[in-house]
Amino acid sequence: MSPAPVILFVYSRPDHTAATLRALAANRLANDTNLIIFADGPKHSGHVDDVAAARAVARAATGFASVTLHESAVNKGLAASIIFGVSQIFETHDRVIVVEDDIVTAPGFLDYLNQALTAYRKNPRVFAACGYSYPPSLVPLPPDYSNDVYLSRRPAPWGWATWRDRWAQVDWSVADYARFMRDSAARARFEEGGWDMTGQLRAQMEGRIDSWALRFSYAKLCADAFTVLPTAALAANIGNDGTGVHCFATDRYDVALAESAQSWQFPPDIAPDPRIMRAFHVGFRPPLSQQLKAFARRQVRRLVPAAPRR
């Protein structure tokens, strides 16, 4: 089977884009992989030059079976760009690998995701695969965990892959959000991906953030499915350096890339490990001060009647 196409989303960081492309081109399957690049338009005049520079880097990409560049004349924003681009490629392909312009990958990244896409194609409990793996400082894996991969409910948007039929299940409007918020058991399952998951979905629905990944993870929850991640990271985010539009400077998510493996064991009957689920829930628990503020906001919402609709 031919490798899945890689979709790369770029915006206004030419140096990051160049690093992403160099790492992808160094992958063992790069020469056989079709690369499709979506370049978003500038959000305002201050981004015009940087957007042009990033596009120039994208046009010069080499080392792949083919390179196709789609340049948007308008700014869609990250979430809309990814939803649009992935949906468009799924019109002609049944599986894709997705990378953003601040993700660097190990030489085995494409190997791993293509093998995962084949291994779990018919397993409905696997909604996606990701090349990134959270650092032990955030999510320590059990010392006796012996599989090459594990399952998670948390969004894993840093070098990932999925299938057309899973993507088609996503309701980007989250039409049943009100029902979900009344269902404490559903919220508890969602928060197996992290204590902050419900709060982030609330922020999405209230328009305070714009995340495709949260809505994708909510659809994953509705399907009682998971993302499969490697125990050793094959992708890393270099964009948490203060240069991005959607992130701030932090080293919290830094990982060392694994470079040696060429094949991985993908257990067909893989199941979520309760210890890992608990590690995710605890690892993404915010500081006590933030918890208290969130509690206070919830109390205010309960006590203050909503303004009447006009």
Side-chain angles (χ1 to χ4, degrees), residues 1-10 16-39 57-70 82 85-123 126-133 147-150 156-167 227-239 255-268 270:
M1 184 179 293
S2 299
V6 171
I7 310 173
L8 170 62
F9 291 91
V10 308
H16 293 71
T17 300
T20 296
L21 285 167
R22 280 195 302 271
L24 273 176
N27 265 254
R28 289 186 288 269
L29 289 180
N31 287 331
D32 300 315
T33 297
N34 295 312
L35 177 65
I36 305 158
I37 305 173
F38 286 88
V57 171
R59 290 190 199 101
T62 59
F64 305 91
S66 68
V67 178
T68 305
L69 176 61
H70 300 273
I82 288 180
V86 173
S87 298
Q88 179 173 316
I89 301 308
F90 270 139
E91 293 178 3
T92 53
H93 296 80
D94 65 354
R95 60 208 171 96
V96 298
I97 294 170
V98 181
V99 178
E100 294 175 36
D101 60 2
D102 54 4
I103 305 301
V104 295
T105 54
F109 170 79
L110 294 179
D111 273 328
Y112 163 78
L113 283 181
N114 276 282
Q115 290 178 42
L117 285 168
T118 298
Y120 293 119
R121 174 68 186 90
K122 296 182 179 179
N123 187 333
V126 177
F127 214 72
C130 184
Y132 177 76
S133 186
N147 289 335
D148 291 339
V149 296
Y150 63 93
W158 296 339
W160 57 280
T162 193
W163 303 265
R164 180 196 294 154
D165 59 351
R166 273 67 149 190
W167 189 256
T227 295
V228 63
L229 295 90
T231 54
L234 296 158
N237 189 323
I238 60 169
V255 293
L257 293 179
E259 299 188 5
S260 58
Q262 296 193 41
S263 63
W264 294 260
Q265 296 298 315
F266 296 97
I270 190 170

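Start at 1 with the first residue, then count along the sequence. Excluded from the calculations below are hydrogen atoms, water molecules and symmetry mates; all remaining heavy atoms, backbone and side chain alike, are included.
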*So, for Phe64 and Leu21, which heavy atoms are closest and what is the spacing to 0.1 Å?*
CZ-O, 4.2 Å
*State, to 0.1 Å, how close Pro230 and Cys130 come at their nearest heavy-atom pair, and which atoms those are.*
CD-O, 3.0 Å
*Look at the side chain of Thr227 and the backbone N and O of Phe127, then say whether any donor-acceptor pair between them is shorter than 3.5 Å.*
no
*Do Thr105 and Leu234 touch side chain to side chain, with heavy atoms closer than 4.5 Å?*
no
*For Leu117 and Val96, work out which heavy atoms get closest and say how close.*
CD1-O, 4.3 Å
*Less than 4.5 Å apart, any side-chain heavy atom of Thr231 and any of Val149?*
no
*For the residue pair Gln115 and Trp264, what are the closest heavy atoms and their distance?*
OE1-N, 3.4 Å
_So, taking the atom named OG in Ser87 and the one named CZ in Arg164, what distance separates them when rounded to the nearest 0.5 Å?_
11.5 Å
*Between Asp102 and Ile238, is there a donor-acceptor pair closer than 3.5 Å when you use the side chain of the first and the backbone of the second?*
no
_pair Leu8-Thr20: side-chain heavy atoms closer than 4.5 Å_ = yes
_Criterion side chain to side chain contact (heavy atoms under 4.5 Å, CB included) on Leu24 and Phe109, from CA distance to verdict_ = CA-CA 8 Å; Leu24 273 176; Phe109 170 79; 4.3 Å; yes
*Verify, without hydrogens or angle tests, whether Asn114 (side chain) and Ala4 (backbone) share a donor-acceptor contact under 3.5 angstrom.*
yes
_Pairwise distance CZ(Phe38) to CD(Glu100) - rounded to 0.5 angstrom_ = 13.5 Å
_To the nearest 0.5 Å, what is the distance between CD1 on Ile103 and OG1 on Thr17?_
11.5 Å
*Please, which pairs that meet salt bridge (charged side-chain N to carboxylate O under 4.0 Å, His left out) have at least one residue in residues 16-35, sequence neighbours excluded?*
Arg28-Asp111
*Trp160 side, atom CH2; Ile97 side, atom CD1 - distance, nearest 0.5 Å*: 11.0 Å
*Is the number of heavy atoms from other residues, nucleotides or ligands within 6.0 Å of CD (Gln88) greater than 12?*
yes
*What is the distance from atom CZ of Phe9 to atom CD1 of Ile36, rounded to the nearest 0.5 Å?*
9.5 Å
_Checking the side chain of Asn123 only, and the main-chain atoms of Ala119 only, is there a donor and an acceptor separated by less than 3.5 Å?_
no
*Which atom pair, heavy atoms only, marks the closest approach of Ser133 to Tyr150?*
OG-OH, 3.0 Å
*Heavy-atom pair of closest approach, residues Ala25 and Ala30*: O-CB, 3.5 Å
*In terms of ring plane angle, is the pair Trp167 and Phe90 parallel, tilted or perpendicular, where the classes change at 30° and 60°?*
tilted
*Are the ring centres of Tyr112 and Phe266 closer than 6.0 Å?*
yes
*Asn34 and Ser66: side-chain donor and acceptor closer than 3.5 Å?*
yes
*Using modelled atom types only, decide if a donor and an acceptor are shared between the side chain of Asn237 and the backbone of Gly239 within a distance under 3.5 Å.*
yes
*Would you call Leu110 and Thr33 a side-chain contact if the rule is heavy atoms closer than 4.5 Å?*
yes
*What distance do Tyr132 atom OH and Leu229 atom CG have between them, rounded to the nearest 0.5 Å?*
9.5 Å
*Lys122/Asp165 salt bridge by N-O under 4.0 Å criterion*: no
*Does any non-hydrogen side-chain atom of Thr68 lie less than 4.5 Å from one of Ile37?*
no
